[in-house]
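Input: a single structure, listed below in structure tokens.
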Amino acid sequence: MTGATDFDIATLRARRTNKWHKFPPDVLPAWVADMDFGVAPSITAALARLTRDQEYGYAARDGVLAAAFARRMERRFGWRTDPADTVAIGDLVQASFSSVMAFSEPGDAILLQLPSYPPFMRAIEDTGRRQIAIPMRDDGTRWVLDLGAHEAARDPRLRMLIFCHPQNPTGRAFSRAELEGVADFAIRHDLVVVSDEIHADIVYPGNKHIPLASLHPEIAARTITITSATKSFNIPALRCAVMHFGAPALKDRFGQRIPSRLLGSPGVTGVDATVAAWDDGQPWLDEILAQLRANRDWLAATLAAEFPAVTMRVPEATYLAWLDCRALDLPCPAGQFFLDRGRVGLNFGETFGANYAAFARLNFATPAAILREIVARMGEAVRRR
Ligand SMILES: Cc1ncc(COP(=O)(O)O)c(C=O)c1O
């Protein structure tokens, strides 16, 4: 081990991050999607260069991020993109809000997979749109998408689909056949699709990330792919993301509704770190992926062996485990239970959809020793309940 995953609690708590400071100091955090690791050496070098040269004047980096995005998509996913079809933006939440505002009107309906990353619900509700839920179904081995129910009950004002792929929190990496189903559905119902692919780099062996827009030009023409290096390269505070429009006409429509000056632009630290990550960070990420995979497998095996009333479908992607605690039959939400009784800070299931209070999301991107302590505390809480 080169130390990429070697961090102790004191070091992690000394970081001024939300992850380590939301809860009281006796709580071990396993919630927001940051990793308790470092960053790739290429990122450290890029940021050190900025500091050394005091290079904080208005930036001259036209097209640099778009070009790095195109290189990365081609190299990693075999997806050819034109840098001219991208827009640089501060973060994905902003990208999803602005897409909703550009491609729908207040009162329009938007489809969303549930359970869902909470800000997607906000992007629909806070802008006066209506959410139509697509509850994912646990088929006994994994969570699947059921679009069939929406064929018949067609809402005349259905305009968009917010699609999370790989999916947070279920960890699904959708197969080509599933993606084709999504694409056919979107085309049949004339929907614009926001495809959030921020977790695309964290995909485990046996699975493959296929960008939705890479399927064929027909789905690309109605898809805005939003992504960044922030999840996989552990730099979410640097605020840098890319929106890719699958056809120039889609980008023009967006530009007519959302003035580019309103969106602002990412800062130099975000741009330089993202380019360094995408171009030169893969050896570091490969090492991290090996640790994440080991953590995932250990977690699944330990839950099954030691407290089988908490189940998880082994995530195909992401460093998030969606824990089903319904069999515990708790008198309170599962997240609250593990916080109060185990001093472990998970994401509360009900924030991913009102019906999921008996679920919790556990972020296993942490050194193995900390994960063991988190799970030991949870096991103790379950045994004492
Ligand atoms: C699916 C998904 N989209 C977006 C984000 C956040 O992106 P950003 O920080 O760029 O808004 C996250 C963070 O966990 C996420 O899981």
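As the structure is a computational prediction, the values presented were derived from the model and not from experiment. First listed ligand is number 1; within each ligand, the first listed atom is number 1. Just so you know, these numbers use all the heavy atoms, side chains as well, and skip hydrogens, waters and symmetry mates.
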Close residues, ligand 1: non-hydrogen atom nearer than 4.0 Å: Ala33, Asp91, Leu92, Val93, Tyr117, Cys164, Asn168, Asp196, Ile198, His199, Lys231, Arg239
Check salt bridge (Lys or Arg N to Asp or Glu O under 4.0 Å) between [X] and all other residues, then give those that pass, not counting sequence neighbours.
| X | value |
| --- | --- |
| Arg385 | none |
| Arg343 | Asp26 |
| Glu55 | Arg49, Arg61 |

Cation-pi, Trp298 ring and Arg372 (6.0 angstrom, 45 degrees): yes
Whether His209 and Phe77 hold their rings parallel, tilted or perpendicular, with breakpoints at 30° and 60°: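 Correct class here is perpendicular.
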Side-chain donor-acceptor contact under 3.5 Å, Asp252 with Gln256: no
